Amino acid sequence: MNNMVMLNHVSHFNIGQILESGQVFRFEKISDHSYLLNAKQKLIKITQQPDSSSVAIYNTTASEVEEIWMNYFDINTNYENITATLAAKDEWMAKAVEFGKGIRILRQDPWEMLISFIVSQNKSIPHIKACLKNITNKFGFPINEVDGMGEHYHSFPTPKELSRATEEDLRECKVGFRAPYIMDACQKVLNGDVILNDLYIMPIEEAKAKLMTIKGVGPKVADCILLFAYSRMELFPTDVWIKRVIEGLYFEGKDVKLEEIQKFASEYFGELAGYAQQYLFFYGRENALFKDISKKKA
DNA sequence: GTTCAGGTGTCCA
DNA sequence: TGGACACCTGAA
């Protein structure tokens, strides 16, 4: 792959941690320090040596980096204050931040996040990735080939492209009972019931309610979309993993209602709740923290 | 064979 | 208003 652009002196950037923290699905690890990332209708390879502040992006140009990837990777946000503030909360946060200090919250495409997190419900991450690959292969258009990869990659289908899919088509992509949800999302976006670009400036509760008019979008999926596409950092998407971690760390392992966890996160982490969620999720999942709690309670 | 996975819609008290 | 329960699918 040619056309390499080097990013130098990037702090709080670890490509492995960024991609493995559960916010993005269309990537592959291709070697120890290299990842292939399919996003923004591009295919790039990213290579970063351990603990290096230099990041090599292949198959791109300086102007693309300026126009697309700087924003996508949120390079201009200074994570120094964010990590320092969160680490000062308590010793667990300090550990979580230290463990995932190279995490950044990406600025991804709202439509792709909408479909991705509809698919994500009640699925494991490898399965989510497989379903999204099926969908892109079937309904996206081919993008540039990669040397020696022997595989064609496809862009994420637009609402119009995906609206061609029948329920049967979608079930062939192994999305199961989520097929009608995807069709409803296509329809509401295409007919203007939900205008994704409007959500950037909409009050947070209104934006969330708007997303939840789509079938298959509940509070957790809406929070993920608003955090990972719209950078609404005050949100704290609460899934089974993060629920266990919060219960384990801050509620003595007791079963706590969703609302109570959200209330706690909002009061304790404030505007940084979304970042805290990412650090805790990554820390909790990589270390399988409190994985047994739900079993013991049952 | 059973259970569980980054939840949500539906039904019923 | 809130608590069960089912739901595609496939991996463990």
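Computed from heavy atoms alone, side chains included, the values below leave out hydrogens, waters and symmetry copies. Because the structure is predicted, anything quoted here is derived from the model rather than measured.
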- Item | Base partner of C:dC8, which must satisfy Watson-Crick or wobble distances under 3.5 Å | none
- Item | Pairwise P distance, B:dC11 and C:dC8 [rounded to whole Å] | 14 Å
- Which nucleotide in B:dG6, B:dT8, C:dT9 has an atom nearest any side-chain atom of A:F281: B:dG6
- Hey, do the aromatic rings of A:F251 and A:F264 have their centres closer than 6.0 Å? yes
- Which of the following nucleotides, C:dG10, B:dG6, C:dG3, is nearest to the side chain of A:K174? C:dG10
- Query: Looking across every strand, which nucleic acid part, if any, lies under 4.0 Å from A:Q277 by heavy atom: base, sugar-phosphate, or nothing?
  - Reply: base
- Is there a donor and acceptor pair closer than 3.5 Å between the side chain of A:R178 and the base of C:dC8? yes
- Message: I want to verify a distance call: between C:dT9, C:dG3, B:dG7, whose nearest atom is closest to the A:K257 side chain?
- Response: C:dG3
- Message: Taking A:R107 first and then A:D74, would you say they form a salt bridge - that is, a charged N and a carboxylate O separated by under 4.0 Å?
- Response: yes
- Item | Near-parallel close stack of A:W241 and B:dG6 base (under 5.5 Å, under 30°) | no
- Residues A:D109, A:K40: salt bridge by 4.0 Å N-O rule: no
- Message: Looking only at the side chain of A:F177 (C-beta and beyond, no hydrogens), which of the listed nucleotides B:dG6, B:dT10, C:dC7 gets closest?
- Response: C:dC7
- Task: Mind checking A:I125 for me? I need base, sugar-phosphate or nothing, with any heavy atom below 4.0 Å counting as a touch.
- Result: base
- Query: Across the strands shown, which category fits A:F117 at heavy-atom distances under 4.0 angstrom: base, sugar-phosphate, nothing?
  - Reply: nothing
- Looking for any heavy atom pair under 4.0 Å, which part of the strands does A:P219 touch: base, sugar-phosphate only, or nothing? sugar-phosphate
- Look at all strands and tell whether A:Q23 reaches a base, only sugar-phosphate, or nothing, counting heavy atoms closer than 4.0 Å. base
- Task: Could you tell me whether the phosphate oxygens of B:dG6, OP1 or OP2, come under 4.0 Å of any side-chain nitrogen or oxygen in A:K243?
- Result: no
- Task: Would you kindly give the CZ-to-P distance between A:F228 and B:dG6, to the nearest whole Å?
- Result: 14 Å
- Message: At 4.0 Å (heavy atoms only), tell me whether A:S116 reaches a base, stays on the sugar-phosphate, or touches nothing.
- Response: nothing
- Of the candidates B:dG6, C:dC8, B:dA5, the side chain of A:R244 sits closest to B:dA5
- Which atom names give the shortest non-hydrogen contact between A:V24 and A:I18, and what distance separates them? CG1-O, 4.2 Å
- Query: Expressed in whole Å, how much space separates the P atoms belonging to B:dG6 and C:dC5?
  - Reply: 23 Å
- Does one side chain, of A:E80 or A:S11, offer a donor that lies under 3.5 Å from an acceptor on the other? no
- Query: Ignoring hydrogens and angles, does a donor from either the side chain of A:K220 or the base of B:dG7 sit under 3.5 Å from an acceptor on the other?
  - Reply: no
- Message: Please tell me if A:R171 has a side-chain N or O lying less than 4.0 Å from either OP1 or OP2 of C:dC7.
- Response: no
- Item | 5′-ward residue of the pair A:V217/A:T238 relative to DNA chain B | A:T238
